[in-house]
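Note that the structure is predicted; figures quoted are calculated from it, not measured. Values below: all heavy atoms of this structure, side chains included; hydrogens, waters and symmetry mates excluded. Chain identifiers are assigned alphabetically (A, B, ...) following the order of the sequence lines, protein sequences preceding nucleic acid strands; residue numbering begins at 1 within each chain.
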2 protein chains.
Amino acid sequence: MESTFAILAEPNRRAILGLLLEQEQSVGAIERSLRMSQPSVSKHLRVLRDAGFVESRVEAQRRLYRLRPEPLMELDAWLAPYRRFWSKHLDALERHLATMDRTPRARRKKP
Amino acid sequence: MESTFAILAEPNRRAILGLLLEQEQSVGAIERSLRMSQPSVSKHLRVLRDAGFVESRVEAQRRLYRLRPEPLMELDAWLAPYRRFWSKHLDALERHLATMDRTPRARRKKP
DNA sequence: CACGTATATAACCTGATACGTATATACCTG
DNA sequence: CAGGTATATACGTATCAGGTTATATACGTG
């Protein structure tokens, strides 16, 4: 877990992940899409790969990178207790609002 | 969004958030729980507060810090497209497994 | 096999940041 | 109001991460 956030802290890396969300991409494609230098792209991909965010396959001279879900799933898991926290708060807010005016507006959990 | 990850990249800050998950805490309490120096705690709290992760209220000489949900909710929102990505993958995996052996196990979306 | 393309790595520089020490500010109690 | 407690901030330092430039490696094609 330790490094997941550090890795995502880098805007360019997040941008790369965003690109890979659509489909696998070559280094050159990323380089052009994000207007970054080739060594920079390679370095970030190295970091992302070491951390398991992406994997690559070789196609002739190209390397095609694609997303791997695991690290982001861990992030999702890390978030879980906080989700409980804020849903608790939203419930409280809702109850509060329900008490404020006696006319019940859109009811919870039922559109 | 930009800085959310950078802020969470710091392990001590994540630890502080973890503490605040249970209940609001004074600076001194955090200092002792996490065995960090007082200036360090104050500094991290400053960063967390500036980014909206926490808020404080004054009680005599103490300042009690508590969690604010918004930034983590944004993080949750950021994660959404990736969740779609991996659930798509898990579905594919499931279909694959279903093809492997013809005995259908627990069925999708219906417990 | 020489050359171009695609990607990775090395070396170096620089800016950001986290820590510790020291000090300032605020509040409470006798 | 003096002294203690609680927290914030200033400052100096060391570490680290990201960018650029230059070079290495690998593959394809004439």
Does CZ in B:Arg83 sit with more than 12 non-hydrogen atoms of other residues, nucleotides or ligands closer than 6.0 Å?
->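 Yes - once you tally the heavy atoms of other residues, nucleotides and ligands closer than 6.0 Å, there are more than 12.
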Out of curiosity, A:Ile7 CD1 to A:Leu17 CG, how far, rounded to the nearest 0.5 Å?
-> 9.5 Å
Answer yes or no: is there a donor N or O on one side and an acceptor on the other, between the side chain of B:Tyr82 and the main chain of A:Gly18, under 3.5 Å?
->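 Between the backbone of A:Gly18 and the side chain of B:Tyr82 there is a qualifying donor-acceptor contact (under 3.5 Å).
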Per-nucleotide protein contact string for nucleotides 3-20 of chain D, where B marks a base within reach and S marks sugar-phosphate only (heavy atoms under 4.0 Å, - for neither) = ---SBBB-B------SBB
Indicate the atoms forming the closest heavy-atom contact of B:Ala6 with B:Arg13, along with that distance.
->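 Closest approach of B:Ala6 to B:Arg13, heavy atoms only: O-NH2, 3.6 Å.
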Atom pairs and distances, donor-acceptor, side-chain atoms in residues 60-71 of chain A, under 3.5 Å, two or more places apart:
residue, atom, partner, partner atom, Å
A:Arg66, NE, A:Glu55, OE2, 2.9
A:Arg66, NH2, A:Glu55, OE2, 3.4
A:Arg68, NE, A:Gly52, O, 2.9

